[in-house]
Enquirer: 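Take this structure, written in structure tokens, and hold onto it; I'll ask about it next.
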Amino acid sequence: MSIEKNEGFRPKIVAFCCNWCSYAGADLAGSSRMTYSADVKIIRVPCSCRVNPMFILRAFERGADGVIMCGCHPGDCHYTSGNFYARRRMTLLFSMLDYIGVENGRTRVEWVSAAEGAKFSQTMHEFVDKITSLGKNVRLEDLRCRN
Amino acid sequence: MKTEKNRAEMIREISGVNPLKCMKCGKCSASCPSYNEMDIKPHQFVSYVINEDIEALANSTSLWKCLSCFACVERCPRDVKPGKLIDAARQIVVRERGQDYLTPDEIPELIDPETPQQLLVSAFRRYRR
Amino acid sequence: MQELINRAKELLADGTVARVLGWKAGDLPYNPEPAYFEKEEDFADFVYNGFCGANLSKYMIEASKLEGKTLVCLKPCDTYSFQELMKEHRVDRDKAYIIGVGCKGKLDIEKIKAMGIKGIQGISGAEIEDAAETLTIQTIYGEKTCAYKDAMLERCHVCKGKDHMVFDETIGESKETKDADRFEEVEKIEAMSPEEKFAFFQKELSKCIRCNACRNVCPACSCRKCVFDSNKFDSAQKANVDSFEEKMFHIIRAFHVAGRCTDCGECSRVCPQGIPLHLFNRKFIKDIDELYGEYQAGADMEPRTPLTDYRFEDAEPGIVAERG
Amino acid sequence: MQRIGVFVCHCGTNIAATVDVKKVTEMALHEPGVVHAEDYQYMCSEAGQELIHKAIKEKHLTGLVVCSCSPRMHETTFRNAAEKAGLNPYMVEIANIREHCSWIHKDIEEATEKAVILMRAAIAKVNLDAPLKPGESKVTKRALVIGGGIAGIQTALDIAEAGYPVDIVEKTPSIGGRMSQLDKTFPTLDCSSCILTPKMGEVNAHPNVNIYTYSEVESVAGFVGDFTVEIRKKARSVDMDKCTGCGVCQEKCPSKKTPSEFNRGLDTRSAIYTPFAQAVPNVPVIDRDACIKFKTGKCGVCSKVCQAGAIDYDQVDEIITEKYGAIVVATGFDMIKLDKYDEYAYSQSKDVITSLELERIMNAAGPTGGHLERLSDGKAPKEMVFIQCVGSRCADERGKSYCSKVCCMYTAKHAMLIRDKYPDVNVTVFYIDVRTPGKNFDEFYRRAVEEYGVNYIKGQVGKVIPQPDGKLLVQGADLLDNKQILKEADMVVLAAAIEPNPDVRKIATMLTASIDTNNFLTEAHAKLRPVESPTAGIFLSGVCQGPKDIPETVSQAGAAAVKAIGLLAKDKLLTNPCTAHSDELMCNGCSQCANVCPYGAISYEDKEVNDHGVREVRRLAVVNDALCQGCGACTVTCPSGAMDLQGFSNRQILAEVDAICR
Amino acid sequence: MKYSYFPGCTLKNKAQDLDHYARISAEALGFELEEISEWQCCGGVYPLGTDEIATKLASVRALNDAKEKGQELVTLCSACHHVIKRVNDDMKNVDDIRTRANNYMELDAPYEGETNVLHYLEVLRDVVGFDELKKKVTNPLTGKKIGAYYGCLLLRPGKLMSFDDPENPKIIEDFIRAIGAEPVIYPYRNECCGGYISLKEEDLSKEMCRKIEESASGFGADMLITACPLCMYNLNKNNGDNLPVYYFTELLAEALGLKEEVKEQ
């Protein structure tokens, strides 16, 4: 890993979290004081199935370097089946991004329950490390949106 | 010369063990077949590493009594596995001092015609660097 | 063709249908265009030959709103699109009289031109009844020939088959034209390094002029109002301003039809810039086949498509990284 | 354009210590639409809410952003505050700068920068907020309790006493649960069945309680106030109305080799059986896997001897569909399997037993008639060894990470009872820690040591070694003495960890109630809402939520009942107004959204629309607000974007994305 | 079926006959052991230190050799099995070790733990099947009461070796039944014999062996079998003559009626 190469690089990371499991998991990470990078910013959605591929592409367009989506574990969705649809959508979308040459790892899906504060924090650590090592997203960015 | 802090850090690294996970249940010491031969008992090893008292460990006879039988590794409920700590401490000692608990000169008097190669190989691996 | 015309006239005459949706000859020998025929005399212009690649099923969305039945000529592959539209309640089966027309592979004028055949005045051998394996092309530079097969559209080389999925009657024989692996091109790209992939698509997509031809011709892309024309996503765009927008448009275009795209290949056929747009759709089709089981949109009337269905043991999105 | 007020909470030092709240407040004023910004010590306090009230009135605010703790904590508080000041409560957005910021970051500059960005995202969202009005839904005034142990019984009784009908679904042939298997209870040593049996009778006789034993929940649909539950009443093969409970069938049944579940497999039962003598209902069931009649077609003894003619071999499973307003989960626990702990020789020696097995051995109705004896040879033991924390407090996958909580106390109880009844038996307990928080608990444990002479050794056991003469050699550590001990014993009792009933996973999935990594049901808030599931209308009673003893279980059962009663007492519930909505002019009528809707909330109708002058009849999606729960699955499926979610609209989420990536 | 075979130091030298028994029995049971060319000693003990690479390379070489042949790797000696299986696990799951080991090795294709490592007993259990073995036994050891001695290395750490229940194993007992004898289960069968410590701490090892043998005889065993040459040495050296200890391949060959054949060679 070439973390040194990207020294000083602070990635922009958008995390979509479902209200019932992952957002609560992030809350638990917070109340348990389990730190992770401030580069992660969370957007609350009711369910992972609310996440439109357009949102993810939009984030990249506007200069995000990584996008992660978290939802309830398969089978535990508050809405019974939302995360199952989300899982198929994201699988196909990620595969397409890979196909057009976007670096593997800029996108991720992780299932985090309300009780998994530690997992949330751990996942964010890993994801930030991964994005930091990948460096700035240039392949999907809309240059007009760069500050 | 390495500080005790460095050495404790090295033990943690080589062994891959986080001694803070220990809940002091003593199951390692309850399982150890060499327990009675040891001056520092398996469960105490953990505290020594936590307290960074590595010199005491380095001088302990326990290093050379551990059989690497993995009984403590198998049974430790906290994923601490003192056997790994002992092995790491043994490595530190042999690496630092080049101190070999076994020298080739000793061998002839220790073996008999039936001694399997395996015994010598593993003893050398364990006792020397 | 004559049999088709006769039958159409007959159905028109006895009032079974109010109009006929087919192709009429264009101003050039190779550009017939979709057209309605309502009177007997209109049929003078009616053609059905190797250049009638256009998929007429999408026209049936509007035709469904007209009075009376519309006779529509559908090739085997077109019927998948029609059935998919039925499933989505976009066309009215009762308003359609489907004649399943035979197909021996459709021609791609670009391929002929690419062989260096220019100044085309006439082409023979493209008639549907012709058994000839060769096309004879009259040009201002004299007569040229080329193998029929070599001039076929890409999609015909990976033809889905000779069967019509839905029809009232069929006219004409179809020919087996499949001689290539549908996913070969996709696999070739998959095997590239990320840099090569990126460069490949960057090059192809930079040609895009956002004429929307691909969108307008696609039988699955049939929204009354496209998201790209809508203010609901702040995504209304008319022309691509930079390379990202090209990708965004084409990814979303393909994503919106994923699980519904029948792989009819119209998008690539109509692209004035020659972008192989079907490679996006086919990537989704390949992934769907591999991950969720083989699926052919339009082959049945089951309401759930791969993206509106799931199984507990579906692959995790991480599989994309794992298979590298 | 909105007129937005931004309120930044210090939360004492919880936020203010790491986030420069003044700076955040100042930055707010640069954002579009913001006309007011201020910070305060505790925004959620009366005084804080008063500030909000005043600002709304004075500055004619149309939207609020509160930068504070998680919306899961105080969103409702601030929405109510807004409503009181005449603002639509859905014009409030929370920027979570505590859990997602100040508590997890250390660097002030970094945390402040992030807080500003989170605030911007919230402002961007409020700018696109629209007032929403919740709908109403009805409440079915009937409760369902899943599980008929002490937790379920107590909850059901309390709900019934408040005047609401309640059904208990119990999987086994009788209610009573684990408590019915216990001999005595700590810390008072009173007899378990003496206090449980009257409760079983009471709940059985209560006019508001209906008990389905030998039944399981098959499916759950609906939502808070209006659940529809299918209950599978398994074929009992005995007519409940005709059976008199005389017991002759069980006596005469020739198939008597099935291990008794009630006695933990220490003895056997007949194929037609009631689990125990005080079973409620006192009606046997036929275990069809063991019954000769069902296996070979020949037998029918029970039918012949039954005077009441209650035996019915042709009974089939019955599905009952019932509506409920509230559901209480009381599925209880079991002990873990010990197959991964064979160093204790549980599978190698009959004299190594679990604590629950010891309960049965000590019980007068148990397999040994209450005599303490070795199961291998029936001899009375002289040396007993108890091993604590078997599978509890484990960091690896062999056991459970948690403390099972009840073992220290029941072991003290066992030790005391044995020493009391058999003073010549020596009792040794190997422990890691003795945990006795609870009223009169430590005193109880000390009595075991001081009055009854139980020998407590701090240290775990490494191995139990069966000896050729039938004795057991216990190899343990005495950490205080720094010795390895080899102790000969006649019996070894393992305090095996408890775990939630394995069925709870299936039930939680049906209820969409969340569950933690140990399969305990998650409570809505660890401190403030300990008996409610995050899923509205689902309440938790007993060990299904976490390890607890009988007094705690009974307290929680009562608490869960009160929460359920509170819900049932309402005539109407306000529904979540964040529902999906389809734009008529954009809808294709393609039915894709209906395919993914988990609630069947989307239907289609043919409707005339006027699309920029074109009048035509179109097939359009229509969302039923009462059914829609607002997940948003339809919004992504809809290719045209006609379907959108109120409160989480496409434009709002995109605005948040833009604000974060700015 | 052909397997890559790693004989190990002892079976190649001091205990050659045990190796012969294994090969000839394999042939009779329908599988073949193809010795890995130029194998190097596994080192006898698994280096627990996570930063040691050099001591793991011999195993990696053997594993890669098997991978290139597309074979599974079979060992006979418990220690070799233990070391190779654990190194294989490292190569599969520990990024750092995999990267560094591959850097050293400079193979055509990096080795990433692809080879499946089997103990000879596992082949008997999972491929041949003990029922099948039983059918092929011509000279059942009827009436013999045999205690299985597992020792440490075959079973522990249970999660990594995934060989049998580390606290209550049964594979050797099943093997004993298959060759027609009666297994004797005794609690010390997975306790340590002292291992390499017998070189310098003879008394300690002696005491341990005594406990094992006492327990086994106490439960009625009249012989022990083991899968580790070092255990066999320690037990034989320390117990006198009252409880003979055999290597399992010897009894296997005997039961298959092949022992004399080997002797004659």
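Protein chains get the first letters and strands the later ones, always in sequence-line order, with residue 1 at the start of each.
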Enquirer: Is there a side-chain contact between A/Arg87 and C/Pro317 (heavy atoms, below 4.5 Å)?
Expert: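 When only atoms from C-beta onward are counted, C/Pro317 and A/Arg87 do touch, with a gap below 4.5 Å.
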Enquirer: Measuring heavy-atom distances to chain A, does C/Phe200 have an atom under 4.5 Å in its side chain, in its backbone, in both, or in neither?
Expert: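 Looking at C/Phe200, nothing touches chain A.
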Enquirer: Rounded to the nearest 0.5 Å, what's the gap from CE on C/Met248 to CZ on A/Arg58? Could you check?
Expert: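 It is 6.5 Å, given to the nearest 0.5 Å.
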Enquirer: Distance from C/Thr308 atom OG1 to A/Tyr85 atom OH, nearest 0.5 Å?
Expert: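 The distance works out to 7.0 Å.
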Enquirer: Below 4.5 Å, heavy-atom pairs only: which of A/Asn52, A/Leu57, A/Val109 has the largest tally toward chain C?
Expert: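 Counting heavy-atom pairs under 4.5 Å, the top option is A/Leu57.
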Enquirer: Closest approach of A/Ile100 and C/Phe280, non-hydrogen atoms and distance?
Expert: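 Of all heavy-atom pairs spanning A/Ile100 and C/Phe280, the closest is CG2-CE2, 3.9 Å.
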Enquirer: Under a 4.5 Å heavy-atom cutoff, which of C/Leu291, C/Ile288, C/Leu279 has the most pairs with chain A?
Expert: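 Of C/Leu291, C/Ile288, C/Leu279, C/Leu279 has the most heavy-atom pairs under 4.5 Å with chain A.
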Enquirer: Quick check: under 4.5 Å, non-hydrogen atoms only, which of residues 83-90 of chain C neighbour chain A?
Expert: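 The stretch does not come within 4.5 Å of chain A.
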Enquirer: Closest heavy-atom contact between C/Val320 and A/Asp98?
Expert: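 That would be CG1-CB, 3.8 Å.
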Enquirer: Which distance, rounded to the nearest 0.5 Å, do you find between the CZ of C/Phe201 and the CE of A/Met96?
Expert: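 Between C/Phe201 CZ and A/Met96 CE, I get 7.0 Å after rounding to 0.5 Å.
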Enquirer: Can you see which heavy atom on A/Pro74 is nearest to which on C/Glu316, and at what distance?
Expert: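 Scanning both residues, the minimum pair turns out to be CG-OE2, 3.8 Å.
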Enquirer: Ignoring hydrogens, what is the shortest heavy-atom contact between A/Leu92 and C/Phe255? Give both atom names and the distance.
Expert: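 So the minimum-distance heavy-atom pair works out to CB-CE1, 4.5 Å.
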Enquirer: Tell me, side chain or backbone of C/Glu204 under 4.5 Å from chain A's heavy atoms, or both, or neither?
Expert: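 No part of it gets close to chain A.
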Enquirer: State plainly whether the residues C/Asp309 and A/Arg88 are in salt-bridge range, i.e. N to O under 4.0 Å.
Expert: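 Between A/Arg88 and C/Asp309 there is no salt bridge, as every charged N stays at least 4.0 Å from the carboxylate O atoms.
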Enquirer: What are the two closest non-hydrogen atoms of C/Ile189 and A/Tyr99, and how far apart are they?
Expert: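 Smallest interatomic distance, heavy atoms only, reads CD1-OH, 3.6 Å.
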Enquirer: Looking only at heavy atoms, what is the nearest atom pair of C/Ala315 and A/Thr91, with distance?
Expert: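 Minimum heavy-atom separation between C/Ala315 and A/Thr91: O-OG1, 3.9 Å.
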Enquirer: Does the plane of the ring in A/Phe84 sit parallel, tilted or perpendicular to the ring in C/Tyr310? Use 30° and 60° as the thresholds.
Expert: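 Judged by the thresholds at 30° and 60°, the geometry between A/Phe84 and C/Tyr310 is parallel.
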Enquirer: I'd like to check C/Ile319 versus A/Phe94 (side-chain heavy atoms, cut-off strictly below 4.5 Å). Are they in contact?
Expert: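 C/Ile319 vs A/Phe94: side chains apart.
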